[in-house]
**Q** 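After the structure tokens below, expect a handful of questions from me.
All residue numbers refer to positions in the sequence shown, counting from 1. What's counted below: heavy atoms across the whole structure, side chains too, no hydrogens, waters or symmetry copies.
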Amino acid sequence: MESLEELGKSIEEKKFCKPTSWLVCNSNGCFRPGCVPGGMRKRSLNAPHPVPIFGRKGHLLGDETYSSYADPSDHYLDWEKQPFNVLVIKKVMDSEVTRCFKELTKWLIEEKRMMIFAEATAVEDPLVSQDEKFSAVRSKLCIFKEGDQLDDKIDFIICMGGDGTLLHASSLFQCSCPPVMAFHLGSLGFLTSFRFRDFRDKITDVLTGHAGLTLRSRLQCDFTKRDKEDEAKTGKSRYLVLNEVVVDRGPSSYLTNLDIYCNDHHVTSVQGDGLIVSTPTGSTAYAVAAGASMVHPSVAAILVTPVCPHSLSFRPIILPAGVELKIVPSAESRSSAWTSFDGRNRQELKVGDSIQITTSIYPVPCVNSENQMADWFKSLAECLHWNVRQRQRQLSITDCHV
């Protein structure tokens, strides 16, 4: 094993060496091997470098020159090899989506000669399992269940439904997520920018050329739970969330009493119905309903929004993406709180438990229909009716007082 003196000497020798062009990434962020001192992200206000490799075959076009100051509008998808394994996620209990699902998978298998992965719940749908005309295609589908390992199998993801399908696809990949193409076939569809009517041309363009990407940041959430019998023991669970982490009072009639730390510094306590910590993508979900601003997904930020705070002065705030937040129930809390991660994995948060939240290095790369700005403003207008009102009538000559 290398001694401390040898290790120190080795670090000193590497201080002034030229950095290599490739990145090493871990839970603390990304750094270039040639620049050890200060290179690895420990505690920074800046967002960590997102990993520029998506799944098995996708990567950022020109990722060799990628930096944290790169213009997000210049993010384009490129393939190391032609994608072959495609994961198709569909909304369940919807006859129209099921019809589109059968049409899409048949085309991908027969025309594009691709391998299709589908969930057991999608194939078990009566409209799929009982369709004799679809039996030949159904027999070629690779069926998987939730919990199966997909990281080393999937090249490309196609979502068919609403925003819930994209959130579900994100939850299946807790590390590097393959490129996602989302078709609007659900109720809201804020995150699904493609229309299904021209799916053949759109998918062909993505598979054969360079497509624009929006790198939707995720939050890395470490939930630490203290053992009831032995307080010295703790259990830790990690979740990557695309929308938000919610801490609420659950079934209790008492207000939540939560302490919030930012980079180990106590900043405030929350008394109210709860707290929402969200990504810019999640700003247009639960957060905006609680009074937060709508933030473009390319902005490097973390949103902290109280839910019905017991204080008129507690307003939503936006923090730099590099900070580390810690949420713990106050020792004076009258009851425990409850937490959920993108609406899933709901569990009790007791005194002694904690949640540490920071920006993950693994974003969800979403293919743009037009471009980042046009897709976002179009979703604001169509889904949330942002700035939609009756226009003021123009004055006529007779209305004017000369």
Side-chain angles (χ1 to χ4, degrees), residues 69-76 91 94 96-97 159 161-167 181-199 201-202 205 211-217 242-244 246 272-321 366-402:
Y69 302 102
D71 185 350
S73 63
D74 291 334
H75 290 166
Y76 291 95
K91 180 182 179 182
D94 190 304
E96 177 62 19
V97 176
C159 292
D163 294 346
T165 58
L166 184 55
L167 292 176
M181 188 176 189
F183 288 94
H184 181 24
L185 291 167
S187 303
L188 184 60
F190 190 89
L191 306 179
T192 54
S193 57
F194 286 91
R195 298 300 181 264
F196 190 74
R197 58 180 176 270
D198 53 354
F199 75 91
D201 294 336
K202 295 294 184 181
D205 290 342
L213 288 178
T214 297
L215 301 186
R216 297 186 179 273
S217 64
L242 179 59
N243 265 0
E244 74 273 305
V246 177
D273 281 356
L275 184 73
I276 305 169
V277 180
S278 64
T279 63
T281 294
S283 68
T284 50
Y286 191 6
V288 75
S293 297
M294 294 182 289
V295 181
H296 190 275
S298 290
V299 176
I302 298 176
L303 288 76
V304 179
T305 308
V307 181
C308 298
H310 200 244
S311 169
L312 294 177
S313 60
F314 194 170
R315 310 305 301 166
I317 58 176
I318 301 176
L319 298 174
C366 295
V367 179
N368 299 326
S369 176
E370 296 181 48
N371 58 66
Q372 290 192 25
M373 300 309 299
D375 288 358
W376 192 66
F377 279 111
K378 187 176 181 180
S379 295
L380 288 181
E382 290 185 355
C383 300
L384 300 183
H385 293 181
W386 177 71
N387 201 29
V388 174
R389 65 179 182 88
Q390 185 175 354
R391 297 185 66 85
Q392 190 176 38
R393 182 175 62 86
Q394 184 180 10
L395 290 176
S396 64
I397 298 298
T398 57
D399 292 328
C400 298
H401 298 285
V402 181

**Q** How many angstroms lie between CG in Asn368 and OG1 in Thr214, if you round to the nearest 0.5 Å?
**A**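 Separation between the atoms: 3.5 Å.
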**Q** If we only count heavy atoms from C-beta on, is the Cys366 to Leu166 side-chain gap below 4.5 Å?
**A**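 SC-SC contact between Cys366 and Leu166 confirmed.
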**Q** Determine whether Thr284 and Leu380 make a side-chain contact, defined as any pair of heavy atoms from C-beta on separated by less than 4.5 Å.
**A**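 Yes - at least one pair of side-chain heavy atoms lies under 4.5 Å apart.
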**Q** Got Leu185 and Asp94 here, is their nearest side-chain heavy-atom distance under 4.5 Å?
**A**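 SC-SC contact between Leu185 and Asp94 ruled out.
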**Q** Aromatic rings Phe194 and Phe183: how do their planes relate, parallel, tilted or perpendicular, breaks at 30° and 60°?
**A**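 Tilted, since the angle between the ring planes falls between 30° and 60°.
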**Q** Of the non-hydrogen atoms in Ala301 and Ile318, which two are nearest, and what is the gap between them?
**A**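 Closest approach of Ala301 to Ile318, heavy atoms only: CB-CG2, 3.6 Å.
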**Q** Roughly how far, to the nearest 0.5 Å, is the CG atom of Leu191 from the SG atom of Cys383?
**A**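 Taking SG in Cys383 and CG in Leu191, the distance rounds to 8.5 Å.
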**Q** Over 60° means perpendicular and under 30° means parallel, so tell me whether His296 and Trp376 are parallel, tilted or perpendicular.
**A**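 Taking Trp376 first and then His296, their aromatic rings stand perpendicular (interplane angle over 60°).
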**Q** Do the side chain of Thr192 and the main chain of Ala182 share a donor and acceptor less than 3.5 angstrom apart?
**A**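 Here the side-chain-to-backbone pair does not exist.
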**Q** Kindly indicate whether the side chain of Phe190, heavy atoms from C-beta on, has any atom under 4.5 Å from the side chain of Leu384.
**A**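 Yes, at least one pair of side-chain atoms sits under 4.5 Å.
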**Q** Do Val295 and Leu303 come within less than 4.5 Å of each other through their side chains, counting heavy atoms only?
**A**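 Answer yes - side chains close enough.
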**Q** For Phe196, I'd like to know if atom CZ has over 12 heavy atoms of other residues, nucleotides or ligands within 6.0 Å.
**A**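 Buried by this count: over 12 neighbours within 6.0 Å.
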**Q** What do you reckon, is CZ of Arg195 surrounded by more than 12 foreign heavy atoms closer than 6.0 Å?
**A**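 Above 12, so yes.
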**Q** Determine yes or no for a side-chain-to-main-chain donor-acceptor pair under 3.5 angstrom, with Gln372 supplying the side chain and Leu213 the backbone.
**A**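 Checked: pair present.
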**Q** Is Pro280 close to Ser217 at the side-chain level, that is, under 4.5 Å between some pair of heavy atoms?
**A**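 Side chain of Ser217 against side chain of Pro280, heavy atoms only: contact under 4.5 Å found.
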**Q** Does Val367 reach the side chain of Lys202, with side-chain heavy atoms less than 4.5 Å apart?
**A**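 Result no, sub-4.5 Å side-chain heavy-atom pair not found.
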